[in-house]
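Reading through the structure tokens given below for one structure.
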Amino acid sequence: MNKDLERLKKDYQNIEIPDELTSVTRQALERAKQERARIKQVQHHDASHAQIDNQSPSEKSDSIQFDRGNRNYQQSQQHSGKSQSQHALPRNRWAKRIGASAAAVFVLFTISVNTMPAFASSLENIPGIGKLVKVLQFNKGEAEGGQITDSTDIYAIGLHEKGESDQITIRFQQNHIEQEVASYFHVNYREFPNTMTFAVGGARNFSAEQDLATLKKSRFVQDAYTIVSPDDSLVRFTIVFKEPVAYEVKEYQQPAEVVLTLKQGTPAEAKDNIYSVRTASHPFGEEQGVMEEKLLEEEHVRILKDSAGTYLVEAGYYPTKEEAQSQLKRLEEQYGMQGQLHVEERTYLQMPEQIIGQ
Amino acid sequence: MSDFELEKRAIAGDDESFSILIEQRKERIYRMAYTYVRNKEDALEIVQETVYKAYLSVEKLQQPQYFNTWLMKIAVNAALDHIRKSKRVVYMDKDIERSYTPDNREGKLDLYEALDSLDEKTRTVLMLRYFEDMPLKDIADTLETPLSTIKSLIYRGLEKLKINLGEGELLE
């Protein structure tokens with residue numbers, strides 16, 4: 001080859017490859033997988049529209065999906081619009097064509113993903129790429145892992161189907177670079193209804209919040225939502241399970257990843273109803289933070305979303321109505337919460353109902 | 001496993017094969033993107049966009065042997081798209097661009113200077129041909145441009161760079 005070209009090629013090959021490249025491609029793949037899963041969800045939604053109609057959570061996730069679709073569409077429109085405005089400049093003719101072909105690629109891919117049933121079977125599994133740090137040991141439904149970090153972004157939450165089990169993965173970034181070690185996190189598992197809450201410390205950003213909607217695609221997951229956090233460096237979210245599940249949480253490093261594996265649990269023998277002592281329902285916000293803080297000394301306090309999509313704080317639940325009522329009295333007196341607590345009877349997997357306060 | 005086998009599997013929806021193929025090609029995509037934008041952040045964004053788009057449309061790719069040209073096509077389009085988008089917001093600062101340029105030794109042609117003197121399309125063609133060693137036919141496919149046009153773009157581009165190839169070298 002010509003000497004000059006040789007030298008230029010060398011320059012080209014010397015372009016430095018940044019360390020972030022691997023995490024960037026992995027992240028893009030993860031996002032693309034979730035997008036594909038969402039697209040499938042929309043298809044499913046279209047197919048069974050009537051059936052899903054009365055479930056507001058699924059509708060919510062679908063509307064996110066549609067918003068995104070529209071945004072892309074507008075973008076591609078803008079592109080072609082711009083290229084047309086440059087029509088008079090001959091040197092940009094090629095740009096116009098490329099712009100048009102980019103739009104064509106987009107249109108093609110839209111069509112292909114909407115008509116390709118092959119997509120349905122391809123949720124492959126990539127969790128657990130790093131080294132296993134530990135399998136979390138739950139003690140009374142509580143466990144923790146990771147190391148203290150700051151300025152973490154929980155940037156990706158993914159769902160992967162693997163045979164009989166589903167895996168939910170949580171990934172961490174700092175300054176757009178994938179973390180080597182997971183941030184400090186605390187997990188607790190509770191019943192009535194079955195919930196698992198993750199609290200991640202040192203997390204100032206939650207880019208993956210929108211991914212929570214995807215988790216509802218799992219056959220085990222009823223709902224997944226963020227809950228209010230007492231400070232701005234703690235991110236908390238709760239996953240609600242549809243049925244009894246067997247769970248396992250593993251922590252990986254290099255790169256940092258937390259993987260929750262869900263399997264069918266042993267079918268619950270008929271469980272008696274419980275009596276929950278809880279606050280009234282409020283929209284997502286400060287209210288839950290205030291109530292939770294008042295009840296902080298109660299061992300089983302948790303924030304729940306009710307069937308109407310508003311939130312409440314539960315102090316605990318008890319096997320009999322009498323016990324619940326006496327606990328309610330104690331709590332009212334101990335924390336000065338007169339008139340703020342209610343007793344609610346619930347079945348095993350029932351979500352709390354909305355209770356409007358005075 | 002051969003690339004062809006991996007490509008076949010990726011098209012059939014096998015995520016692992018797709019990941020491997022991307023792993024193998026990510027540096028090429030990055031370098032190419034970098035020559036367009038000359039900074040790490042934008043180049044990474046282009047890589048991200050390319051991988052994202054590729055994953056979502058890989059199943060429409062009919063023939064595995066076109067995987068490379070198809071991927072490069074997405075990357076080139078993503079890069080050009082990115083440039084257009086950023087131009088809409090803020091014009092590239094020439095001084096900043098310069099600062100990425102290595103020293104210009106004794107009037108010898110340097111990479112970015114060379115690329116800057118060419119229009120977008122010629123630049124892409126020369127890059128694919130001489131830096132990525134892509135066959136002319138594949139370049140024509142990638143850019144959806146007739147082979148004859150590609151050849152003349154190369155001739156004119158090299159002429160502009162005052163690079164003289166030996167007889168017949170172009171079509172090697």
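Per chain, numbering begins at 1; letters A, B, ... match sequence-line order. Note that the structure is a prediction, hence the values are computed from the model and not measured.
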For the atom pair CZ (B:R38) and CD1 (A:I15), what is the distance rounded to the nearest 0.5 Å? 8.5 Å

Verify, without hydrogens or angle tests, whether A:R26 (side chain) and B:S19 (backbone) share a donor-acceptor contact under 3.5 angstrom. no

Kindly indicate whether the side chain of A:D11, heavy atoms from C-beta on, has any atom under 4.5 Å from the side chain of B:Y112. no

Flag the pair B:K40 and A:E20 as a salt bridge only when some basic side-chain nitrogen lies within less than 4.0 angstrom of an acidic carboxylate oxygen. yes

For B:L44, is it the side chain, the backbone, both or neither that has a heavy atom under 4.5 Å from a heavy atom of chain A? both

From the options A:V24, A:T25, A:L21, select the one residue that forms a side-chain contact (heavy atoms from CB on, under 4.5 Å) with B:Q48. A:V24

Show the nearest heavy-atom pair for residues A:K9 and B:Y130, with the distance to one decimal. CD-O, 3.3 Å

For the residue pair B:E132 and A:Y12, what are the closest heavy atoms and their distance? OE2-OH, 2.8 Å

B:I22 side, atom CD1; A:L29 side, atom CG - distance, nearest 0.5 Å: 6.5 Å

Tell me, for B:M127 versus chain A, whether the close heavy atoms (under 4.5 Å) come from the side chain, the backbone, both or neither. side chain

Does A:K10 reach the side chain of B:L111, with side-chain heavy atoms less than 4.5 Å apart? no

For a 4.5 angstrom cut-off between non-hydrogen side-chain atoms, does A:E35 reach B:Y52? yes

Would the number of heavy atoms belonging to other residues, nucleotides or ligands and lying under 6.0 Å from CD of B:Q62 be above 12? no

Out of A:Q13, A:E16, A:Q27, which one racks up the most heavy-atom pairs below 4.5 Å with chain B? A:Q13

Which value, rounded to the nearest 0.5 Å, describes the distance between B:L126 atom CG and A:L8 atom CG? 9.5 Å

How about A:N14: does its CG atom have over 12 heavy atoms from other parts shown lying under 6.0 Å from it? yes

By a 4.5 Å heavy-atom criterion (distance strictly below it), what part of B:E49 contacts chain A: side chain, backbone, both, or neither? neither

Scored by heavy-atom pairs under 4.5 Å with chain A, the best of B:M32, B:E45, B:E23 is B:M32

Do A:R36 and B:Y55 have a side chain donor and acceptor closer than 3.5 Å? yes

